[in-house]
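Just so you know, these numbers come straight off a predicted model, no measurement behind them. Along the sequence shown, the residues carry numbers beginning at 1.
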Amino acid sequence: MSYITINSSKLSYNFNFLNQLFTKNQIDWAIVGKLLCGNEKFLKVLLDISNKEICDSRLSNLKIIKKLSPKTQTVYIKPPAKRLAKSIIEFADVSFNTEINTIKALSEEAVSQQKTHKIVIMVEMGELREGIMAKNLPEFYSKVLQLPNIEVVGIGTNLNCLNGILPDKDKLFKLNRYKEIVEEKFNTKIPYISAGSSVTIPLIFRKEIPKGINHFRVGETLFFGTDVYKDSIISGMYQDVFKLTAEIIEIIEKPMIPAGNAGTNLTGERPTFNKKNIGKTSVRAIVDIGLLDIDHKNIKPKNPEIEIIGASSDMLILELGTNDSDFKVGDTIDFSMNYMAVLRAMNSDYVDKKVEKTIHSKDFKIMELKN
């Protein structure tokens with residue numbers, strides 16, 4: 001038995017924390033829900049908490065959101081493949097775009113489905129992931145204007161996800177200026193600059209968000225209370241919305257050093273061992289979760305006495321020392337998880353998903369970033 005738990009009370013608290021922060025600073029925001037991998041049980045928790053638009057990079061997940069809540073605005077947050085135009089128009093109210101030929105396909109499909117499809121034009125600001133070059137924005141915008149059933153609701157950018165380029169006041173100011181140039185040239189109004197993500201939130205606390213940056217897309221900070229900019233935490237938020245639990249299937253005192261000629265293990269690694277442990281023994285436990293379900297380097301036992309030794313495809317090996325906690329076969333062990341650990345576990349059909357609701361203990365107020 002292994003399962004991942006989402007605490008709806010703590011998630012709700014984190015949502016209200018961020019919502020108050022954004023409202024105070026006159027910023028609209030959307031939730032990036034791709035971490036939940038389209039799991040209906042967890043998506044229902046999110047939809048019960050929030051009336052915000054939900055972003056995802058998988059059409060199958062947006063389809064589930066539309067099934068659960070047809071009125072929720074859905075956003076496809078990567079440049080769509082042309083072949084997916086029909087499904088994009090059907091399940092995504094908004095999409096992020098960088099290719100005019102793809103937008104033409106979306107336009108044709110929007111006409112066919114008798115819909116107006118909203119788009120955000122993504123602009124390259126140094127991260128070198130998706131985005132048109134800023135110098136080409138006016139020409140690109142002029143071509144989009146000619147397409148029926150397409151409405152440009154914003155320009156946006158992505159930072160930090162590929163090359164780790166951090167947002168700063170100068171980059172955001174330039175993006176705002178690019179929008180103003182387009183508005184002046186075409187005598188139009190573009191409602192949003194979607195330039196914020198979890199990594200940009202600390203700039204709000206430092207009052208470094210230029211006027212005009214009015215839309216954020218937030219996933220990691222909502223679910224983990226993280227200050228992505230400094231790789232730390234935001235004081236006043238919960239970091240343990242998710243929890244992993246696994247059952248002990250074996251617990252035996254064994255030598256601390258393996259015996260025999262050693263080659264590489266199944267992941268191609270050659271483990272090393274401390275020679276000081278030759279001849280020593282310790283209590284080791286095996287729990288029923290492995291590399292198929294989780295990256296053991298991205299989880300941590302909540303009990304500080306427990307150490308993760310390694311993992312195979314279906315089992316995780318733990319060092320219990322003298323087993324002062326008196327663990328037995330059938331007991332469960334809880335683990336904290338980071339973003340990548342949750343993403344992998346959510347993507348595994350072998351890990352059950354459970355919802356937990358507990359009364360939180362934090363006083364609700366926006367606090368400064370913890371150093």
Side-chain angles (χ1 to χ4, degrees), residues 28 30 32-34 38 53-67 70-159 161-162 174-195 197 212 214-215 217:
D28 287 332
V32 179
K34 60 184 179 181
E53 60 185 353
I54 299 181
C55 309
D56 209 303
S57 56
R58 304 287 180 176
L59 265 174
S60 57
N61 297 344
L62 295 182
K63 183 177 180 179
I64 293 170
I65 293 167
K66 279 298 187 186
K67 183 184 78 170
K71 293 183 179 180
T72 295
Q73 179 159 284
T74 51
V75 185
Y76 189 76
I77 54 169
K78 68 178 180 182
K82 281 180 65 178
R83 63 181 174 80
L84 297 177
K86 181 178 180 180
S87 296
I88 292 288
I89 299 302
E90 186 174 359
F91 300 115
D93 300 302
V94 188
S95 62
F96 287 9
N97 286 269
T98 59
E99 290 288 345
I100 193 64
N101 288 331
T102 301
I103 303 174
K104 288 178 180 178
L106 294 172
S107 171
E108 292 172 2
E109 190 57 44
V111 170
S112 176
Q113 294 188 32
Q114 299 182 338
K115 292 181 177 180
T116 297
H117 184 68
K118 304 171 187 176
I119 70 167
V120 174
I121 300 173
M122 298 298 283
V123 179
E124 174 57 53
M125 295 298 293
E127 174 67 3
L128 298 182
R129 205 178 75 168
E130 79 276 23
I132 66 171
M133 300 307 294
K135 65 181 180 180
N136 299 326
L137 179 58
E139 180 184 1
F140 190 92
Y141 186 83
S142 68
K143 292 178 180 179
V144 174
L145 279 182
Q146 301 171 27
L147 300 175
N149 295 52
I150 295 293
E151 178 186 359
V152 179
V153 295
I155 66 170
T157 196
N158 172 75
L159 294 166
C161 289
L162 178 64
K174 287 179 179 178
L175 188 62
N176 185 49
R177 183 56 188 149
Y178 298 150
K179 185 197 80 146
E180 291 175 344
I181 290 171
V182 171
E183 289 179 329
E184 292 167 6
K185 182 177 179 63
F186 295 95
N187 191 27
T188 187
K189 188 69 178 176
I190 301 175
Y192 294 105
I193 299 181
S194 185
S197 62
N214 59 358
H215 187 270
R217 316 175 302 269

- Item | The single option from Val32, Val75, Ile65 passing side chain to side chain contact (heavy atoms under 4.5 Å, CB included) against Ile54 |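 Answer after filtering Val32, Val75, Ile65: Ile65.
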
- side chain to side chain contact (heavy atoms under 4.5 Å, CB included) partner of Tyr76, the single match among Asn97, Leu84, Asn61: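 Only one of Asn97, Leu84, Asn61 forms a side chain to side chain contact (heavy atoms under 4.5 Å, CB included) with Tyr76, namely Leu84.
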
- Residues Ile103, Phe140; criterion side chain to side chain contact (heavy atoms under 4.5 Å, CB included); working and verdict: CA-CA 11 Å; Ile103 303 174; Phe140 190 92; 3.7 Å; yes

- For Glu90 and Lys86, run salt bridge (charged side-chain N to carboxylate O under 4.0 Å, His left out): C-alpha distance rounded to whole Å, both residues' side-chain angles, the deciding distance at 0.1 Å, then the answer. CA-CA 6 Å; Glu90 186 174 359; Lys86 181 178 180 180; over 6 Å; no

Are there more than 12 heavy atoms of other residues, nucleotides or ligands under 6.0 Å from atom [atom1] of [X]?
X      : atom1 : answer
Gln114 : CD    : no
Lys185 : NZ    : no
Tyr192 : OH    : no

- Go through the steps to decide whether Asn158 and Phe96 satisfy the test side chain to side chain contact (heavy atoms under 4.5 Å, CB included), and finish with yes or no. CA-CA 11 Å; Asn158 172 75; Phe96 287 9; over 6 Å; no

To the nearest 0.5 Å, what is the distance between [atom1] ([X]) and [atom2] ([Y])?
X      : Y      : atom1 : atom2 : result
Ile89  : His117 : CD1   : NE2   : 4.5 Å
Leu147 : Ile100 : CG    : CD1   : 5.0 Å
Met122 : Thr157 : CE    : OG1   : 5.5 Å
Leu175 : Glu180 : CG    : CD    : 10.5 Å
Leu128 : Leu162 : CG    : CG    : 7.5 Å
Asn136 : Ile121 : CG    : CD1   : 11.5 Å

Using every non-hydrogen atom in the two residues, find where [X] and [Y] come nearest and quote the distance to one decimal.
X      : Y      : result
Ile77  : Cys55  : CG2-CB, 3.4 Å
Phe186 : Pro138 : CZ-O, 3.3 Å
Val182 : Ile190 : CG1-CD1, 3.9 Å
Leu106 : Ala85  : CD2-CA, 3.9 Å

Quick one: does any side-chain atom of [X] pair with a main-chain N or O of [Y] as donor and acceptor, under 3.5 Å?
X      : Y      : value
Asp56  : Lys63  : no
Ser107 : Ile150 : no
Ser197 : Arg217 : no
Glu99  : Pro79  : no

- Intermediate values then yes/no, side chain to side chain contact (heavy atoms under 4.5 Å, CB included), Asn214 and Ile193: CA-CA 6 Å; Asn214 59 358; Ile193 299 181; 4.3 Å; yes

- Task: Given salt bridge (charged side-chain N to carboxylate O under 4.0 Å, His left out), test Glu108 with Lys104 step by step and report yes or no.
- Result: CA-CA 6 Å; Glu108 292 172 2; Lys104 288 178 180 178; over 6 Å; no

- Task: Give the intermediate values and the outcome of salt bridge (charged side-chain N to carboxylate O under 4.0 Å, His left out) for residues Glu124 and Lys135.
- Result: CA-CA 10 Å; Glu124 174 57 53; Lys135 65 181 180 180; over 6 Å; no

- Using 4.0 Å as the upper bound for N to carboxylate O, is an ion pair formed by Lys82 and Glu109?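 Looking at Glu109 and Lys82, the cut-off is not met.
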
- Message: Please determine whether salt bridge (charged side-chain N to carboxylate O under 4.0 Å, His left out) holds for the pair Asp93 and Lys66, giving the CA-CA distance in whole Å, both sets of side-chain angles, and the decisive distance to 0.1 Å.
- Response: CA-CA 10 Å; Asp93 300 302; Lys66 279 298 187 186; 2.8 Å; yes

- Message: Would Lys78 and Lys34 count as a side chain to side chain contact (heavy atoms under 4.5 Å, CB included) here? Give the steps.
- Response: CA-CA 12 Å; Lys78 68 178 180 182; Lys34 60 184 179 181; over 6 Å; no

- Message: Less than 4.5 Å apart, side chain to side chain, heavy atoms only: is that true for Leu59 and Ile88?
- Response: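 Yes. Closest side-chain heavy atoms under 4.5 Å.
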
